[in-house]
Amino acid sequence: MAILVTGGAGYIGSHIVDLLIRKGYETVVVDHLAAGHRQAVHPKAAFYEGDIRSQDFLNSVFCSERIEAVFHFAASSLVGASMKNPLNYYDNNVLGSLSLLKVLDAHKVKQLVFSSTAAVYGEAKSQPIREDAPLEPASPYGETKLAIERMLHWWAQASGARFVSLRYFNAAGAKASGEIGEDHQNETHLIPIILQAALGKRKSVSIFGDDYPTKDGTCIRDYIHVEDLAEAHLLALRYLEDGGESNVFNLGGSKGISVKEVIETAAEVTNRYFKVTIAPRRSGDPAELVASSEKARSLLKWKPQKTSIRQIVEDAWSWHRSHPDGYHKSKASLL
Ligand code: UFG
């Protein structure tokens with residue numbers, strides 16, 4: 001029996017695929033490669049290129065493989081882009097998930113781990129944020145992920161399926177060996193942007209707002225190493241395999257780090273000069289997002305290992321230095 005990973009060629013998905021293969025799971029990846037990279041997919045995974053919004057495509061995969069559980073990553077995932085193109089987010093995220101669930105029903109697959117986000121909370125009233133905090137997304141991205149969580153709830157209730165929704169805070173870093181990492185077209189994430197500037201690939205780093213009500217005026221985020229995230233997915237799968245009921249977990253390092261602190265850490269780690277400027281706030285950005293991950297620690301027995309921002313930036317830096325142009329133009333050998 002195999003595990004299906006939708007969006008397994010993406011940044012986070014590819015790290016989970018890598019871990020599943022290393023743990024001996026038969027792994028099947030579907031991805032339409034709009035944002036993902038074929039080279040990011042472990043060679044031992046079966047790969048099908050296609051769009052999950054096509055039930056015909058998904059049906060053909062489920063007919064060819066014996067899928068017993070699904071990790072569902074395939075989605076558009078940028079807060080800023082979703083503010084500009086909300087309908088694209090409903091289309092790709094909500095319709096993609098609807099199509100997937102219909103096919104899961106048709107093939108009687110009843111275990112799913114969903115890639116959700118801290119963006120479902122919006123501007124939380126208190127930090128750290130627990131899973132029972134009010135759900136008030138401040139962006140269409142967060143709104144679509146919440147809509148999918150609600151859809152999963154009713155789907156599970158009607159079909160007898162079980163799911164785990166993992167609400168990530170800020171995923172960052174790369175596999176320590178440097179084989180896979182973060183490579184987005186038109187990068188918008190803070191850490192890769194800083195490292196590209198350190199490599200001379202960008203003129204400068206803009207801080208989006210230094211007038212937030214935070215300790216140094218810049219936004220606070222909770223950065224979580226992508227390898228720790230991958231581990232949590234494996235634990236979520238085991239939780240479902242052991243008969244655990246449907247559940248929602250935050251995944252974060254539970255430490256609030258400001259944009260300025262990330263920049264200072266990256267300057268130390270890279271030991272390179274890059275220019276930093278102050279720019280206006282980016283729409284849709286909450287001032288502070290810090291997780292309480294107590295529930296994942298106690299119920300899933302999750303123990304994140306790489307919790308310091310320095311370790312996260314160091315591993316990201318190894319990847320960026322060996323792949324300055326990402327997957328496509330890299331001279332480094334992959335996997
Ligand atoms: N930032 C800058 N300059 C940049 C890029 C980002 O100042 O050039 C700031 C942002 O304003 C924000 C912080 O750095 O305050 C982090 O921004 P990212 O774009 O790296 O990440 P986000 O917090 O916007 O979003 C990420 C994921 C979402 C997820 C969210 C949950 O992309 O999918 O974390 O915390 F929902």
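Whatever order the structure lists ligands and atoms in, that order sets their numbers, starting from 1.
Checking only distances, N170 does come within under 3.5 Å of ligand 1, N or O to N or O. Residue Y223 places no N or O, backbone or side chain, under 3.5 Å from any N or O of ligand 1. The shortest N/O to N/O separation between F208 and ligand 1 falls below 3.5 Å. In terms of polar-atom proximity, defined here as any N/O pair under 3.5 Å, L190 does make such a contact with ligand 1. In terms of polar-atom proximity, Y141 is counted as a contact of ligand 1, with an N or O under 3.5 Å from an N or O of the ligand.
Between F249 and Y239, the ring planes lie perpendicular to each other; the angle is over 60°, past the 30° to 60° tilted range.
When heavy-atom distances to ligand 1 are checked against a 4.0 Å cut-off, A279 has no atom that comes that close, whether in backbone or side chain.
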>> Quick one, Y141 with S76, criterion side chain to side chain donor-acceptor pair (under 3.5 Å). Give me CA distance, side-chain angles, the key distance, then yes/no.
In response: CA-CA 8 Å; Y141 167 59; S76 304; over 6 Å; no

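S322 places a side-chain N or O within 3.5 Å of a backbone atom of S318 that can act as its donor or acceptor partner. E123 places a side-chain N or O within donor-acceptor distance of the main-chain N or O of A287, the cut-off being under 3.5 Å.
Distances shorter than 4.0 angstrom do not occur between any heavy atom of L78 and any atom of ligand 1.
H153 pairs by the ring-ring contact (aromatic ring centres under 6.0 Å, His included) definition with nothing, not counting sequence neighbours.
If you check which protein heavy atom lies closest to atom 29 (C) of ligand 1, you get T117 OG1, 3.3 Å.
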